[in-house]
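We name chains A, B, ... by the order of the sequence lines, and we start the count at 1 in each one.
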Number of protein chains: 2
Amino acid sequence: MGATYGQFCPVAKAMELLDERWTLLIVRELMAGSHHFNALRRGLPRMSPALLSKRLHTLVRAGVVERHSEGNRVTYHLSPSGRELEPIVAALGQWGTRWIGELGDVDLDPHLLMWDIHRWIDMEAVPDGRTVLLFRFTDMTGPAGSWWLVINTDGVDVCDFDPGHEVRMTITSELRTMIEIWRGDRAWADTVRAGLLVLRGDTQAVRAVPTWLKLSPFASTPRPVAAVLTGTSAS
Amino acid sequence: MGATYGQFCPVAKAMELLDERWTLLIVRELMAGSHHFNALRRGLPRMSPALLSKRLHTLVRAGVVERHSEGNRVTYHLSPSGRELEPIVAALGQWGTRWIGELGDVDLDPHLLMWDIHRWIDMEAVPDGRTVLLFRFTDMTGPAGSWWLVINTDGVDVCDFDPGHEVRMTITSELRTMIEIWRGDRAWADTVRAGLLVLRGDTQAVRAVPTWLKLSPFASTPRPVAAVLTGTSAS
DNA sequence: CAGTATCCATTTCGATACTG
DNA sequence: CAGTATCGAAATGGATACTG
């Protein structure tokens, strides 16, 4: 656990545990449905495995996370006390959405974006059979510029290589633009109208996209009045 | 600001700012009504002035805190975005109250306790004129063992020396016990009944104490069922 | 899959003293 | 009152490689 504050105040006692770097992001990942070590790693790619391991131990010791091993599969879940952090993490996300709008270039990780998008595809709404989407980020070179989402009835896969199936729709934009849409900083329609994002392919799919390609759970957070991006100026 | 997480997730962006050590405790102090540099220091005694200064600058730059200088008096206040952290800090305090019950010996700071108590005295309920309370912590030696609370119509003062006025009531217990009462881990009546705390003095005052000597704002947080301390066993 | 082990550059921060 | 200056010990944690 982190260093002590030398205070009996419950806020201080809570923060001794929770203000350690990465800790609440692990809770966020557990909330989002990652329960295996390597699934957590995918959602926290900049965290070294040693550090993730250490934080998980700390959280288990603190009673916030429960570790179960079934055979040689290990899973992590929030305990009752961990589940009581969910509204706090949600509130932090809403606060961040409202007040920390500017993203640095280092924040624009295409792999994380695809990983997020894939997690929230509405399987009920997607047409039956296989649906393949191709995302092209015009400002990224090499394998980071093209991503395939392969949606089957049994799940969604993310590929950074051509899986060889027919592509139903191609989504082309700068990476930042697509991230801003995902975050709810921009609306689909406005962005398309402004020419910053192009949907090409199956007309049916193009029209239906916003119904089954969901946005971030924080996207609908109301913004402070002065901070609304327009379709054209993204400053 | 803290190191970047390299994530566009608003929780991560929020935590880049907020998970830096001491940061949310400064917000807590501002919420509690400390607005001057040295008042903040009294609520954060283990923080060096250099670090407090640095954190305040960071918070001002992030737009969470506003700094005003009127003449040579400088004040700090929460901005609109900072005020939106209030429910989050409150939730963290409630979470800490419920789930982080054990206090280490380093957490038992008598000066902080007196500072907290003095802040929440209900001036409306206190009898008119001067009221002086003496707290005696049986397990503390030297000046840390005796504290006077001098309540006038114009405010409350904390002294670690005898101010020389007549004492209306003496409160005697171990420091940990008084802190547990303040935090709401124990009830006044139970603790007195168990002989762990003694109130001596003006009968009127003894009876009225709980009405004007308020407990921590988190004291009334409901505890998880299994974690209730009884009057006698404080494990 | 689920982690450990190691290494060291970097950061952090507590203590103390000092200033306009 | 409201900070700045300085310093060194300690911890943090990122990178990388490796293991059962």
Side-chain angles (χ1 to χ4, degrees), chain A residues 1-7 12 15-26 29-30 33-61 65-77 106-107 109 111-112 157, chain B residues 1-7 12 15-26 29-30 33-61 65-77 104 106-107 109 111-112:
Chain A
M1 206 178 59
T4 181
Y5 283 114
Q7 300 201 355
M15 292 316 282
E16 284 180 6
L17 175 69
L18 302 177
D19 73 3
E20 276 201 304
R21 197 166 151 71
W22 295 108
T23 299
L24 283 182
L25 300 192
I26 294 174
E29 286 302 302
L30 293 170
S34 294
H35 299 288
H36 295 270
F37 192 86
N38 285 319
L40 291 167
R41 290 203 60 191
R42 249 164 300 178
L44 304 164
R46 313 257 296 223
M47 195 177 189
S48 79
L51 190 52
L52 174 56
S53 173
K54 182 180 170 188
R55 285 287 185 278
L56 285 170
H57 273 105
T58 302
L59 286 168
V60 168
R61 234 182 334 115
V65 166
E66 288 165 0
R67 189 195 128 115
H68 301 280
S69 58
E70 297 133 17
N72 56 353
R73 297 284 288 179
V74 177
T75 61
Y76 296 93
H77 287 269
V106 286
D107 299 327
D109 182 328
H111 199 333
L112 270 179
D157 285 321
Chain B
M1 205 178 57
T4 180
Y5 283 114
Q7 301 200 354
M15 292 316 283
E16 284 180 6
L17 175 69
L18 302 177
D19 71 5
E20 277 201 304
R21 196 166 151 71
W22 295 108
T23 299
L24 283 182
L25 300 192
I26 294 173
E29 285 303 302
L30 293 169
S34 294
H35 298 289
H36 294 269
F37 193 86
N38 286 321
L40 291 167
R41 289 201 62 190
R42 249 163 303 180
L44 304 164
R46 313 256 296 221
M47 193 177 191
S48 80
L51 190 52
L52 173 57
S53 173
K54 183 181 170 189
R55 286 286 185 279
L56 284 169
H57 272 106
T58 302
L59 285 168
V60 168
R61 235 182 333 115
V65 166
E66 288 164 0
R67 189 194 128 115
H68 302 280
S69 58
E70 297 132 18
N72 57 353
R73 296 284 288 180
V74 177
T75 60
Y76 296 94
H77 285 270
V106 285
D107 300 326
D109 181 328
H111 200 333
L112 270 179

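Partners of A:His35 by side-chain hydrogen bond (donor to acceptor under 3.5 Å, both in side chains), not counting sequence neighbours, listed by chain and number: A:His77. When the ring pair (Phe, Tyr, Trp, His ring centres under 6.0 Å) test is applied to A:His57, no partner is found at least two apart in sequence or on another chain. Judged as a side chain to side chain contact (heavy atoms under 4.5 Å, CB included), and not counting sequence neighbours, the contacts of B:Arg61 are B:Thr58. For B:Arg73, the side chain to side chain contact (heavy atoms under 4.5 Å, CB included) partners at least two apart in sequence or on another chain are B:His36. Looking at residues two or more places apart in sequence or on another chain, you find a side-chain hydrogen bond (donor to acceptor under 3.5 Å, both in side chains) between A:Thr4 and A:Glu16, B:Asp107. Under the ring pair (Phe, Tyr, Trp, His ring centres under 6.0 Å) criterion, B:Tyr76 pairs with no residue at all, not counting sequence neighbours.
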Determine all donor-acceptor pairs shorter than 3.5 Å in which one atom belongs to a side chain in residues 39-47 of chain B; sequence neighbours excluded.
from: B:Arg42; atom 1: NE; to: B:Asn38; atom 2: O; distance (Å): 3.4

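Shortest non-hydrogen contact noted between A:Val74 and A:Ser69 is CG2-CB, 4.0 Å.
Of all nucleotides in DNA chain D having an atom under 4.0 Å from a heavy atom of chain B, the first and last in 5' to 3' order are D:dC1 to D:dA5.
The stretch residues 39-53 of chain A touches DNA chain C through A:Pro49, A:Ala50, A:Ser53, each having a heavy atom under 4.0 angstrom from the strand.
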* **Verdict with reasoning, B:Trp22 to A:Met15, per side chain to side chain contact (heavy atoms under 4.5 Å, CB included)** => CA-CA 9 Å; B:Trp22 295 108; A:Met15 292 316 282; over 6 Å; no
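Mapping A:Leu56 and B:Arg55 onto DNA chain C by nearest heavy atom places A:Leu56 closer to the 5' end of the strand. Comparing A:Arg73 and A:Ala3 along DNA chain C, the residue whose closest nucleotide (by nearest heavy atom) sits nearer the 5' end is A:Arg73.
Between A:Gln7 and B:Asp109 there is no side-chain heavy-atom pair separated by less than 4.5 Å.
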* Asked: Please, what dot-bracket string fits DNA chain D when only Watson-Crick and G-U pairs with both distances under 3.5 Å count, crossing ones use [ ] and pairs to another strand use |?
  -> ||||||||||||||||||||
